[in-house]
Amino acid sequence: MRELPFSHRLLDRLVELLAGSSKEVWSRAELARSMEVSPAELTEILAWFKAEGWPLEVGSDQRVWLRAAADIPVASRVRPHLSTNRLGRRYHHTLRVDSTNNAARCLAGDGAAEGTVVVAEEQTGGRGRLGRTWLSRKGKDILLSLVLRPHLDPAQAPGLNLMVGLAASQAIGEVSGIPTDLKWPNDVLTPGGKCCGVLTEMNADPGKIHFVIVGVGINVNGTSLPDAIAGQASILEQAAGGPVPRPKLAAALLNRLEALYLVFLDQGLGPLLERWMASSSSVRGRPVLVSNAGRSLRGTTAGLSEQGALRIRREDGSVAEILAGDVVQW
Ligand code: BTN
């Protein structure tokens, strides 16, 4: 990965133009004009873009286009599928970022409105739950973060985690037709393994949430995964037997999220818990090993508590409630 010799914004503008729905094939003069750069600058930007492995095609007449442009979730491709009032109405698409959660957190810190979304084609420092790394493939996945500003007590925030996993599983089912299964707290599984993870990060003072960043990573298209996760993770395209349109999936995720978020704000977590449990084969009656703050607990799952904690029945009949942790064997 080479250092960028020009502004990141120019690159994002290039992708927005090449991947946008208004025009497929561009002359260099049109591109340079729309990007407000000189022909020499454009040549440099296009050369960098191609050398980085992005699928830029150059015709014999020097006109340029992007292969699979319609699968890039830029705003103009996502908007036609969006039915939300708030979520995704401010939408930033970027080619590369360390972590979309970091980018969204910066925007939120600068006052970005609830519903602001950051989507990237590539993450160089993707983060997962419990300090893990989130690995993704450039140009293949959904890497999306969202700013929420819920009027909730910080103690209610774990409920948001469950809500996002449920919304992601609904969106994946709707767009790909693949049956999904939820694993507590918010992993979405296909029969082949985990296809989606959620990282929610909160900025709060006692009694007041300033904002929550909801980060969602979905392995969408392509045929292979990084070696480190190949055994446990799955790709939607493989499970669906064909490519899954990322713009439609990003919009479905935001549509489902907004619908569930309104229920959560209006009626609390109760109605979502019912739906969550109905979408999980492992939340009841499954022998598990749970790791929680360095300690492990063995037992059988016994549903969720009112706060969304996983209830584990130990062999002696006592029940523990796990609010944060990881189910490592199930
Ligand atoms: C997990 O299952 O451990 C959670 C993974 C969350 C990954 C997403 S990708 C978009 C956003 N940006 C990040 O750095 N992480 C989340």
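Read the numbers this way: they start at 1 and go in the same order the structure lists the ligands and their atoms.
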Are the side chains of [Y] and [X] in contact, using a 4.5 Å heavy-atom criterion?
| X | Y | value |
| --- | --- | --- |
| Met35 | Ile45 | yes |
| Val214 | Met163 | no |
| Ile72 | His93 | yes |
| Leu166 | Leu162 | no |

Quiz prompt | Full working for side chain to side chain donor-acceptor pair (under 3.5 Å) between Arg13 and Ser34 | solution = CA-CA 9 Å; Arg13 176 84 180 124; Ser34 300; 5.2 Å; no
Self-check item: Selection residues 231-252 - residue pairs positive for side chain to side chain donor-acceptor pair (under 3.5 Å), sequence neighbours left out
Solution: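 Of all non-adjacent pairs touching residues 231-252, those that pass side chain to side chain donor-acceptor pair (under 3.5 Å) are Asp71-Arg246, Glu121-Arg246, Thr190-Ser234.
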Quiz item: What residues come within 4.0 Å of ligand 1, counting heavy atoms only?
Solution: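 Its neighbours under 4.0 Å (heavy atoms only) are Ser99, Thr100, Asn101, Gln123, Gly126, Arg127, Gly128, Arg129, Trp134, Leu143, Leu144, Ser145, Asp187, Lys194, Gly197, Val198, Leu199, Gly215, Val216, Gly217, given by chain and number.
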